[in-house]
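Below is one structure, written out as structure tokens; the observations come after it.
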Amino acid sequence: MPKRVVLAYSGGLDTSVAISWIGHETGADVVAVSIDLGQGGEDMESIRQRALGCGAVEAVVVDARDEFADDFCLPAIKANAMYQNQYPLVSALSRPLIVKHLAAAAKEFGADAIAHGCTGKGNDQVRFEVGFNALVPNAEVIAPVRDYAWTREKAIAFAEEHDLPINVTKKSPFSIDQNVFGRAVETGYLEDLWNAPTKDVYCYTEDPSVNWAAPDEVIISFKEGKPVALDGRQMSLLEIIQELNRRAGAQGIGRIDMVEDRLVGIKSREIYEAPGAVTLIRAHREMENVCMERELTRFKNRIEDRWTELVYDGLWYSPLKDSLDAFIGESQKHVTGDIRLVMHGGNINVNGRRSDESLYDFNLATYDEGDSFDQTLAKGFVQLHGLSSKINAQRDQRLAN
């Protein structure tokens, strides 16, 4: 039996009950660790006090908002990370950061076990436990919701029996996870694929028609792949994400309704809101188009999908992920400049690009007077480029006769 357990604590029903349940079942002390990822909502001090009220011997709150933006969201922006070409890894990015701080707490408090509140059907159990294996490989893992088949009814009964300070009278029809990079909504009537989302699903974004008469133009500045300013104002990445969440969200940008292939093998209907993330990734890709050499861009496009899959699958702390990070970081050396775009009616339209490190040469691109492209070279290039296909076609025609 473990003597001290570090618990990933959200403040909700399952993890609140887990504090008391672990204590009763194992006799271990529980240290609750809550991470502020810019999710908003309830005050973090209230969450900390609830953990203590449920029986935690220690309750730690970590303000990781800037760390999350700089060390986890930024690599995703540089990788143009979109799982299944749609999902900007809203929840997947937060899990390795939570794991990092749980591992640090386990070391600080001398814990020999780590606990989480994930179910057995989702991706997060994998992300947490594979991360634990990488950072604290000798720690025992406790997953009461998954391993002891908890239901909401069982959790409520346990909370009432032990007089835990949890308000369980109001139940959302949805399962929601959110942070500054976006918001994920699932379950309830959304599990019927034919049901359209209703207004109460959304929080980070307005209906795209609300501000139809007021499109919003913004200039996003990049330095070596990192967003550094909006409309000429230098800002931290956290501030840029927050500002674009507000402005892009007001235009209905970042709403995603998709059927997602979970790691465990099932398909799941997910609703995401990620106005800042979607806007930044779109602008970053456009900046790359201006500043990155063609073959590098083509190869990076392949790498992006693999990087995204690794993060989605919980392999943030893996040798391949580290190596791909090195490649992507090298690719960003010249991704510097400004992208101007208009956010309107749920859409993003890029209408301006400028960079001192651009590979766009006006004199080569123009069809007007001043064209410096030597068209006499093109004939031989075309002949050689298609030579192998021509020889193959000649062979096929010869054999067919």
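The analysis underlying the following values was restricted to heavy atoms, covering all of them including side chains, and did not include hydrogens, waters or symmetry mates.
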Inset, instruction - Only counting residues at least two apart or in another chain, list the ones meeting side-chain hydrogen bond (donor to acceptor under 3.5 Å, both in side chains) with Glu45. - result: Arg48, Gln49

Legend entry - Donor-acceptor contact present, side-chain Asn211 to main-chain Ala250, <3.5 Å: yes

Legend entry - salt bridge (Lys or Arg N to Asp or Glu O under 4.0 Å) involving Asp71 - partner list, sequence neighbours excluded: none

Legend entry - Short side-chain to backbone donor-acceptor contact, His284 and Leu280, under 3.5 Å: no

Legend entry - Sub-4.5 Å side-chain heavy-atom contact between Asn123 and Gln125: no

Inset, instruction - Give every residue pair that meets the salt bridge (Lys or Arg N to Asp or Glu O under 4.0 Å) criterion with at least one member in residues 80-103, sequence neighbours excluded. - result: Glu67-Lys100, Arg95-Asp124, Arg95-Asp177

Inset, instruction - Provide the full list of ring-ring contact (aromatic ring centres under 6.0 Å, His included) pairs with a residue in residues 318-343, sequence neighbours left out, each pair given once. - result: Phe299-Phe327

Legend entry - Any donor-acceptor pair under 3.5 Å from Asn245 side chain to Ala274 backbone: no

Inset, instruction - State, with a plain yes or no, whether a side-chain heavy atom of Val62 is found less than 4.5 Å away from one of Ser34. - result: no

Inset, instruction - Can you spot which of Glu288, Lys78, Lys223, Lys226 makes a side chain to side chain donor-acceptor pair (under 3.5 Å) with Gln332? - result: Glu288

Inset, instruction - Check the surroundings of atom CG in Asp356: do more than 12 heavy atoms from other residues, nucleotides or ligands lie under 6.0 Å from it? - result: no

Inset, instruction - Quick one: list whatever passes ring-ring contact (aromatic ring centres under 6.0 Å, His included) with Phe68, sequence neighbours left out. - result: none

Inset, instruction - For Thr279, check side-chain hydrogen bond (donor to acceptor under 3.5 Å, both in side chains) against everything at least two apart and list the hits. - result: none

Legend entry - Counterpart residues, side-chain contact (heavy atoms from CB on, under 4.5 Å), relative to Tyr189 (two or more places apart): Phe174, Asn195, Thr198, Asp200, Val201

Legend entry - Test: Arg340 and Asp338 ion pair at under 4.0 Å: no

Inset, instruction - Write out all pairs satisfying salt bridge (Lys or Arg N to Asp or Glu O under 4.0 Å) with one or both partners inside residues 21-31, taking only residues at least two apart or from two chains. - result: Arg4-Asp29

Legend entry - Residue pair Met292 / Leu359, side-chain heavy-atom distance below 4.5 Å: no

Inset, instruction - Inspect the contact between Lys154 and Glu161 and indicate whether a charged nitrogen and a carboxylate oxygen are less than 4.0 angstrom apart. - result: no

Legend entry - salt bridge (Lys or Arg N to Asp or Glu O under 4.0 Å) partners of residues 310-332, not counting sequence neighbours, each pair once: Lys321-Asp325, Glu330-Lys333

Legend entry - Side chain to side chain, Ile328 and Pro75, heavy atoms closer than 4.5 Å: no

Inset, instruction - Check side-chain hydrogen bond (donor to acceptor under 3.5 Å, both in side chains) between Gln86 and all other residues, then give those that pass, not counting sequence neighbours. - result: none

Inset, instruction - Output every pair passing salt bridge (Lys or Arg N to Asp or Glu O under 4.0 Å) with a member in residues 252-265, not counting sequence neighbours, ordered by first then second residue. - result: Glu186-Arg262, Asp257-Arg269, Asp261-Lys267, Arg262-Glu270

Inset, instruction - Please work out which of the three classes, parallel, tilted or perpendicular, describes the rings of Tyr87 and Tyr312, given edges at 30° and 60°. - result: perpendicular

Legend entry - Residue list, side-chain contact (heavy atoms from CB on, under 4.5 Å) with Asp216, at least two apart or on another chain: Arg247, Gln251, Met343

